[in-house]
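These notes are about the structure you will find just below.
Letters A, B, ... mirror the listed sequences (proteins, then strands); counts begin at 1. Please read all numbers here as calculations on a predicted model, not as lab measurements.
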Amino acid sequence: MRRALLACALTASVTVVAIALALILEGWPALPAIGGTVWDTEAGRFGIMAMLWGSLAVTAGALLLAVPVGVGVALFVTEVAPPTLGGLMRRILQWLAAVPSVVYGFVGLSLLVPAIRHAAGGFGYSVLAGALVLAVMALPTIATVAEDALRSLPPAYREGARALGATPWQAVRRVLLPAARSGLMTAVVLGLGRALGETMAVLMVTGNMPAVPRSPLDPVRTLTGNIAMEMAYAADLHQAALFASGAVLLAMVLAVNAAARRIQR
Amino acid sequence: MRKLRLIAVLVMLLCLITGCTASRRGLTVAGSTSVLLMADMLAEAYTRAGGSRVAVHGVGSTAGVQAVQSGVADVGMISRRLAPSESAQGMVEHIIAYDVLAVVVHPDNPLAGRSLSVAQLRQLYSGAATDWAQMGGRKGSVHLISRESGSGSKDAFQTVVGKTTLNAIVLNASGMITIAVDSDPNAIAYLSLGLARAAGLGILAVDGRQPEDPDYPLRRAFSFVTRGPATGEAAAFIRFARSRAGQQVITEEGLVPVRE
């Protein structure tokens, strides 16, 4: 039994290390080439910076939208809603989390992108479209973790605030949110990881233009989308550059996770 | 179900490992990745119709010709014509189908059904012209849609029209392109003629030629290649590809058959 469990644990950790090593080794030859902002494979230019900005812009936009809403949902479920309504909300969030990403992408492509084009002009394929789709996808993660954080607060906090004559809003703002801060940060960081790594849905709505975005309405290409689109055709330095961008992505996600762990402590 | 999938994966791995020896008894076809899908479908229909097994590998046109030259493959696939040097080495091409790229716009675009020259397409796709008014259309910025680099369609398009600007929307599937063009009055894109027709998009003529015309510029032949005239199993497979049943498969793939 003990050995079997050890084997399981080893499999998991060895896999991660092996993936990281493979990415670094395969990507190494492209390291001098990936610093630029021009990604033009036909001209032999493999700068990933435009796509790095693309990933960051889409992720930041998604968090800007999903964090307030997610924390709001968590507050509603824990502090305001009657238990039956709260339970229903939680169930709906779980459904949201169960929808495959390609479905979000398809809905985004056929409804969201034309809607943005109509309302704001431009291509429609944009940072905004990617951020909106990712926000919906990250929302369940953020809301559930935030809800757990709020729920785990001692009841004495709420009762004490009430006894001191705080309004519900004052209690939330001055007592509950500060007390749950580390849990809320975890929610944000997990949502961030989800948004940064998502590939398919983003690929379908951002337009994949390899240029640094100057406005939320500009099309962008993300690192993940770039790997997904071009891996099948890549060879030599091109392939190495894709591996290198994978390594950059992995490093970013690991850094985010490390930050999360530090905050939790 | 999961066990079945595991077995399938194991079988696939085994096939990969023993591929060379197993295919000795059947037919090995290698070459252009653009032709790969068509050849796969033909191979499947051929085997179903009682032919031997056909293994199809996408390695690129040039590598396919070399594979036939060296005897590694029985039949090559090319999405271009044979080079004179390849013909001189005794390679023979057998045209199986035509792949026609349609230049598509929104059905409401006033230019739909009219003609642009290759030079005008080059202006659009190089980013030199950015407004439809410059093409004689209704004023509005041109929304260029392209394919990902490496795709056979983009290669074929760029061969005729020249390099595409980096400031284009990139979508990596024909289905996404039809949705994009169908919902955007300012969009322009290119995709296989059959798919463009099926989606009811506006189709442009190029240099005054309709996509059906034999001298339409964005048309390329998909061919099989053999060393010397085709013989034996290779000849049977090529004959099947050109038969009514084979050409039916080709039509279903959205390609233009060689026999009407």
Task: Test item: A/Glu198 side-chain N/O and A/Ala201 main-chain N/O as donor-acceptor pair under 3.5 Å - done: yes
- [ ] Heavy-atom distances under 4.5 Å only: say whether A/Val38 touches chain B with side chain, backbone, both or neither.
- [x] side chain
Task: Contact origin within B/Ser141 toward chain A - heavy atom pairs under 4.5 Å - done: neither
Task: Top contributor to chain A contacts, counting heavy-atom pairs under 4.5 Å, from B/Asn167, B/Asn186, B/Ile145 - done: B/Asn167
Task: B/Arg147 versus B/Tyr190, closest heavy-atom pair with distance - done: N-OH, 3.4 Å
Open item on the list: Taking side chain as everything from C-beta outward and backbone as N, CA, C, O, which of these in B/Leu166 sits under 4.5 Å from a heavy atom of chain A? Side chain, backbone, both or neither.
Closed with: both
- [ ] Compare all side-chain heavy atoms of B/Val103 with those of B/Ile203 and state whether any distance is below 4.5 angstrom.
- [x] no
Task: Per-residue contact mode, B/Ala180 against chain A (heavy atom under 4.5 angstrom) - done: both
Open item on the list: Over 60° means perpendicular and under 30° means parallel, so tell me whether A/Phe123 and B/His143 are parallel, tilted or perpendicular.
Closed with: tilted
Open item on the list: Here's a test for you: under side-chain contact (heavy atoms from CB on, under 4.5 Å), which of B/Ile96, B/Asp99, B/Val56, B/Val249 qualifies with B/Met38?
Closed with: B/Ile96
